[in-house]
**Q** 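Below is a structure I'd like to ask you about.
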There are 2 protein chains.
Amino acid sequence: MSRNSNRYHVRAVDRALDLLDTFSTSEPEFTLTELASRLGLSASTTYRLLVTLESRGYVERGNQSGGYSLGVTCLDLGNVFLSQLDLRERALPVMEALREECKETVHLGILDGNRMEVIYLEKLEGLLPVVMRGSRVGGRVPAHCTALGKCMLAYLPEAALHDFYTHVGLRSYTPHTITDLNELLRELKETSRKGLAIDDIEHELSVRCVAAPVWNHKKAVVGAISVSGPANRMSKKRCHELGPLIRDTVLEVSRRMGYPG
Amino acid sequence: MSRNSNRYHVRAVDRALDLLDTFSTSEPEFTLTELASRLGLSASTTYRLLVTLESRGYVERGNQSGGYSLGVTCLDLGNVFLSQLDLRERALPVMEALREECKETVHLGILDGNRMEVIYLEKLEGLLPVVMRGSRVGGRVPAHCTALGKCMLAYLPEAALHDFYTHVGLRSYTPHTITDLNELLRELKETSRKGLAIDDIEHELSVRCVAAPVWNHKKAVVGAISVSGPANRMSKKRCHELGPLIRDTVLEVSRRMGYPG
DNA sequence: AAGGCGTTTTCATTGCGTGAAACCGGATGG
DNA sequence: CCATCCGGTTTCACGCAATGAAAACGCCTT
């Protein structure tokens with residue numbers, strides 16, 4: 001936690017954000033004392049941070065167990081963030097056409113280059129039975145084993161990938177996950193050549209995806225769009241057949257972002 | 001802004017949150033100087049708040065125009081909040097059955113009693129053409145003109161409603177919006193008797209909804225579930241026909257929340 | 001009644017957050 | 001080409017706001 005204490009950081013604010021970051025899906029609730037000891041703060045300091053955050057709805061109490069947990073206000077910032085992204089609005093109609101064409105789930109994502117994770121910005125559920133739960137707008141998935149992620153990684157400088165992944169390693173999610181960095185780099189080279197990435201059951205069992213990157217006016221990758229479906233419908237053959245359709249989609253979105261092509 | 005300066009508030013944290021709250025859908029971007037003058041702070045203080053928030057991804061720069069806007073990290077807190085709510089997980093399978101039955105869009109919402117607004121926690125898109133865009137998980141809509149909102153307002157003490165709405169008024173969104181408080185109170189009384197609320201084109205033109213509240217083990221209203229559709233498919237007659245189905249749904253969800261019924 | 005646990009309040013200390021003002025660097029324009 | 005402006009960054013000295021220690025409180029269990 002906390003790569004804070006830059007020269008200009010405001011300590012109290014850093015602490016408040018550290019406090020909020022302490023909550024996670026696996027540990028959604030704490031007592032004041034637990035928080036204090038985790039953060040290495042005195043009870044009174046923690047108390048005052050909690051009062052401040054609670055009065056604004058960032059934390060709540062009273063879920064029978066009496067502990068503190070995150071509050072509804074946490075949703076608001078994310079909403080403003082989403083509504084402000086023009087990538088989202090420009091991509092949406094084109095994504096809807098794509099879904100109409102292929103009937104499968106369509107995702108829009110961006111890359112968080114600090115953590116090498118994909119963040120979903122939009123999701124259009126497939127029109128066929130067996131839908132993709134598990135993904136959600138605002139949610140994160142690792143980049144190295146997803147189609148969205150790989151097609152954005154492919155345009156990063158190789159040194160950055162090397163630095164990051166030699167440090168943290170390539171976590172495995174299925175038997176198909178690529179866990180060797182050289183193999184990943186080889187595949188990414190191929191990906192950038194083709195402008196298409198495929199996730200062949202590398203992240204979730206029995207899910208395959210195809211994705212391609214979206215470009216902006218400065219010819220920088222600003223996001224990616226994917227089609228995902230259950231492996232039985234989405235054979236490797238089907239993935240390749242969908243290539244041109246996805247390429248058309250991202251080209252249209254890229255144009256709307258000012259891409260000169 | 002800012003009902004801060006309670007006895008125990010941490011000023012720097014309040015200011016940082018005020019800063020984040022400044023961003024909105026209609027004004028998503030500011031320069032440092034703009035923020036400073038809005039918040040009534042010096043440039044250096046604002047600068048240090050921004051450095052702190054930026055290093056953690058809560059604000060970003062560099063969207064060509066060079067101003068500050070909200071950053072991706074804003075999505076994370078909302079996600080943890082959502083994944084921690086057991087109302088959501090318990091309701092989801094029951095909501096899916098409801099959608100299968102009626103084919104229209106199904107929403108789950110809670111009430112923010114401070115602002116009398118509904119917050120969507122889950123959305124299952126309808127299976128028929130003409131989908132409901134406009135709503136999004138985490139989004140807010142006013143309570144007095146939506147089915148979700150009205151069926152939760154109906155169980156609030158009348159004094160609270162009176163206090164709130166005489167203060168802020170009943171904003172009108174369509175010709176059907178109820179703008180007279182006494183009329184609203186009359187309808188809410190009827191609503192609580194029936195345990196069902198209908199939005200008859202009161203919030204969005206040509207959308208009708210039916211909703212019913214979810215109860216917990218303490219017999220308190222903890223949320224509501226609705227069915228929404230375009231007015232041509234969702235006639236007033238159809239709304240009433242859907243009543244029993246929705247009642248069954250919320251009863252099942254309430255049971256899963258520990259409701260003794 | 002006593003003890004334990006988590007929260008709230010008090011209080012004195014000082015280091016941190018603060019505003020003022022100087023400085024920088026790019027854009028504008030005369 | 002210099003002057004000006006406008007954002008952003010840095011410096012600095014001041015004093016209060018944030019802090020930790022400790023005590024008080026409330027509630028539950030023993």
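Order of the sequence lines sets the chain letters (A, B, ...), proteins ahead of strands, with each chain counted from 1.
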**Q** Of the nucleotides C:dG17, D:dT11, C:dT10, which has the atom closest to the B:A12 side chain?
**A** C:dG17
**Q** If I take atom CD in residue A:E54 and atom C1' in nucleotide C:dG6, what distance separates them, rounded to the nearest angstrom?
**A** 15 Å
**Q** Calculate the interatomic distance between A:L39 atom CG and D:dA18 atom C1'; express it in whole Å.
**A** 16 Å
**Q** If you apply the rule side-chain contact (heavy atoms from CB on, under 4.5 Å), what do you find for A:L77 with A:Y58, and how did you get there?
**A** CA-CA 11 Å; A:L77 290 178; A:Y58 282 92; 3.8 Å; yes
**Q** Which atom names give the shortest non-hydrogen contact between B:W215 and B:M257, and what distance separates them?
**A** O-CB, 3.6 Å
**Q** Any donor-acceptor pair, under 3.5 Å, between the side chain of B:S44 and the base of C:dA20, if you only look at N and O atoms?
**A** yes
**Q** With a 4.5 Å cut-off on side-chain heavy atoms, are B:L148 and B:Y120 touching?
**A** yes
**Q** Please check the phosphate of C:dT8 (OP1 and OP2 only) for any side-chain N or O of A:R61 closer than 4.0 Å.
**A** yes
**Q** For the pair made of CG in A:L32 and C1' in C:dG4, what is the distance, rounded to whole Å?
**A** 16 Å
**Q** Measure from CG on A:L50 to C1' on C:dT9 and round the result to the nearest Å.
**A** 16 Å
**Q** Identify whether any heavy atom of B:F30 sits under 4.0 Å from a base atom; if not, whether one sits that close to sugar-phosphate; answer base, sugar-phosphate or nothing.
**A** nothing
**Q** Using only side-chain N and O atoms of A:Y8, determine if any of them is under 4.0 Å from OP1 or OP2 of D:dT9.
**A** no
**Q** Between atom OH in B:Y47 and atom P in C:dC24, what is the gap in whole Å?
**A** 15 Å
**Q** Starting at the 5' end of DNA chain C and moving along, which residue's nearest nucleotide shows up first, B:A43 or A:V13?
**A** A:V13
**Q** To the nearest Å, give me how far apart CG (A:L41) and P (C:dG15) are.
**A** 17 Å
**Q** From C:dG17, D:dT9, C:dT10, pick the nucleotide closest to the side chain of B:Y68?
**A** D:dT9
**Q** Please report, rounded to the nearest Å, how far the P atom of D:dC16 is from the CZ atom of B:R15.
**A** 14 Å
**Q** Check this for me, if you would: do B:E34 and B:R38 make a salt bridge, where the nitrogen-to-carboxylate-oxygen distance has to be below 4.0 angstrom?
**A** no
**Q** Base, sugar-phosphate, or nothing for A:T31, non-hydrogen atoms under 4.0 angstrom?
**A** sugar-phosphate
**Q** A:S83 and A:R88: which non-hydrogen atoms are nearest, and at how many Å?
**A** CA-NH1, 4.4 Å
**Q** Could you tell me the separation between the CZ atom of B:R7 and the C1' atom of D:dA17, rounded to a whole number of Å?
**A** 16 Å
**Q** In terms of side-chain heavy atoms of B:T33, which of C:dT8, C:dG17, D:dG8 is nearest?
**A** D:dG8
**Q** The side chain of A:R11 is closest to which nucleotide in this list: C:dA21, C:dG17, D:dG20?
**A** C:dG17
